[in-house]
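These notes concern the structure reproduced below.
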Amino acid sequence: MNSTTFAIDHGASGTSNPYVDDTVKWLERAVIGLNLCPFAKGVHVKQQIHYVVAQTQSVPEVLDLLRHELVALTETPAELRDTTLLILPHCLADFLDFNDFLKQVEDVLESMNLAGVLQVASFHPQFQFAGTTVDDVTNCTNRAPYPTLHLLREASIDRAVAVFPEAEVIFERNMEVLESLGMQGWRALDVGPSTAETDSTEQGGA
């Protein structure tokens, strides 16, 4: 790690890093609070989430940091670090650019022979499903305060699916929950970025 990153092994309010604090608030109020991911509460309560903030605007530097964090995750026992959230508050603010960037992420996994061992999910404050409008509340299932890469262990996913065998119904339920909540209800959760410099990535099409 270097001066371009901030890392903490678990998130709690008042970390001295606003990007981690915003991400933890989103996790607690939206992901866990709305039960958008039934697997998230366990790793959060057990403090098994590693938060990393990339203080860079450079995509190559983000990819270097991604490689570092992928290796670190494989080398750390799951009971200490089950998953990693790599937060990119200063890079890839445009969703289309971020979406294109995900191909490079997959290439990194392949080049490191980690496909099938780890996978990377993604969230973005401007996420938009094809065929939806920017203010369609269902897009919020994949919206986070900042562009974020979620590094997951395939083994942990397999264990979670074993506990919740009908995992495919989660997506449909999430759509129903958000449609019931509405965009006004989503905004009332106050899970967007709190820092003035990230106004351009504010959620919800506001």
Side-chain angles (χ1 to χ4, degrees), residues 1-12 15-17 19-24 26-28 31-32 36-92 97-124 127 141-142 144-165 167-168 170-171:
M1 309 299 291
N2 55 50
S3 61
T4 64
T5 63
F6 175 91
I8 182 172
D9 276 319
H10 58 84
T15 63
S16 80
N17 188 286
Y19 307 114
V20 173
D21 289 345
D22 287 347
T23 299
V24 172
W26 160 74
L27 180 69
E28 293 178 338
V31 180
I32 296 173
L36 298 180
C37 176
F39 319 128
K41 184 176 181 179
V43 291
H44 176 61
V45 170
K46 294 175 184 176
Q47 299 186 342
Q48 294 171 326
I49 304 175
H50 181 61
Y51 295 84
V52 181
V53 179
Q55 304 280 18
T56 179
Q57 299 180 12
S58 165
V59 169
E61 288 183 1
V62 168
L63 290 172
D64 285 344
L65 181 57
L66 173 63
R67 294 183 186 96
H68 177 276
E69 292 303 325
L70 288 168
V71 171
L73 187 58
T74 63
E75 293 180 346
T76 305
E79 59 268 22
L80 297 179
R81 182 184 303 181
D82 189 77
T83 191
T84 297
L85 288 174
L86 176 52
I87 306 161
L88 315 175
H90 311 300
C91 190
L92 298 163
D97 291 341
F98 180 76
N99 207 38
D100 290 342
F101 162 75
L102 296 178
K103 175 61 170 62
Q104 297 182 65
V105 171
E106 290 302 316
D107 289 344
V108 166
L109 275 175
E110 292 287 345
S111 68
M112 297 177 68
N113 296 316
L114 289 175
V117 178
L118 302 178
Q119 67 173 249
V120 181
S122 60
F123 299 90
H124 195 281
F127 179 88
T141 60
N142 291 59
Y146 311 99
T148 300
L149 299 177
H150 183 191
L151 284 54
L152 305 102
R153 300 172 188 266
E154 292 277 4
S156 295
I157 296 171
D158 291 342
R159 285 194 298 271
V161 170
V163 174
F164 197 95
E168 66 274 6
I170 295 173
F171 177 81

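As a basis for the values below, the full set of heavy atoms in this structure was taken, side chains included, without hydrogen atoms, waters or symmetry mates.
With contacts defined as side-chain heavy-atom distances shorter than 4.5 Å, the pair Q55/N17 qualifies. Taking 4.5 Å as the limit, every side-chain heavy atom of L151 sits out of range of all side-chain heavy atoms of H50. Side-chain contact between V108 and V120 is absent, with no heavy-atom pair separated by less than 4.5 Å.
Closest approach of P147 and C91 over heavy atoms only: CG-O, 3.6 Å. Of all heavy-atom pairs between I170 and F39, the closest is CD1-CZ, 4.0 Å. Contact between V43 and A40 at its shortest, heavy atoms only, is CG2-O, 3.3 Å. The two residues A54 and P89 have their closest heavy-atom pair at O-CD, 3.6 Å. Nearest heavy atom pair, residue T84 against residue V52, reads CG2-CG2, 4.2 Å. The heavy-atom pair separating D64 from R67 by the smallest distance is OD1-NH1, 2.8 Å.
E69 CD to T74 OG1: the interatomic distance, rounded to the nearest 0.5 Å, is 10.5 Å. Residue Q48 holds its CD atom at 9.0 Å from CZ of R153, rounded to the nearest 0.5 Å. Atom-to-atom distance recorded for L73:CG and L86:CG is 11.5 Å, nearest 0.5 angstrom. Atom OG1 of T23 is separated from atom CD1 of I87 by 3.5 Å, given to the nearest 0.5 angstrom. Note that CG of L152 is 4.0 Å distant from OG1 of T83, once rounded to the nearest 0.5 Å. Of the inter-residue distances, the one linking H150 atom NE2 with I49 atom CD1 reads 6.5 Å to the nearest 0.5 angstrom.
Of the options D82, V31, V24, a side chain to side chain contact (heavy atoms under 4.5 Å, CB included) to H44 is made by V24 and by none of the others.
Between W26 and F123, the two ring planes are perpendicular [angle over 60°; tilted spans 30° to 60°].
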Run L65 and T56 through side-chain contact (heavy atoms from CB on, under 4.5 Å) and show every step you take. CA-CA 10 Å; L65 181 57; T56 179; over 6 Å; no
Determine all donor-acceptor pairs shorter than 3.5 Å in which one atom belongs to a side chain in residues 99-106; sequence neighbours excluded.
from, atom 1, to, atom 2, distance (Å)
K103, NZ, D107, OD1, 2.8
K103, NZ, D107, OD2, 3.2

Solution key, residues 157-164 side-chain donor-acceptor pairs under 3.5 Å, sequence neighbours excluded:
from, atom 1, to, atom 2, distance (Å)
R159, NH2, S156, OG, 3.1

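Sorted by first and then second residue, the salt bridge (Lys or Arg N to Asp or Glu O under 4.0 Å) pairs involving residues 38-54 (not counting sequence neighbours) form an empty list. Residue pairs meeting the side chain to side chain donor-acceptor pair (under 3.5 Å) criterion with at least one partner in residues 108-119, sequence neighbours excluded, are Q119-E154.
Applying the side chain to side chain contact (heavy atoms under 4.5 Å, CB included) test to P60 and every residue at least two apart in sequence or in another chain returns S58.
A donor-acceptor contact shorter than 3.5 Å is absent between the side chain of S122 and the backbone of L149.
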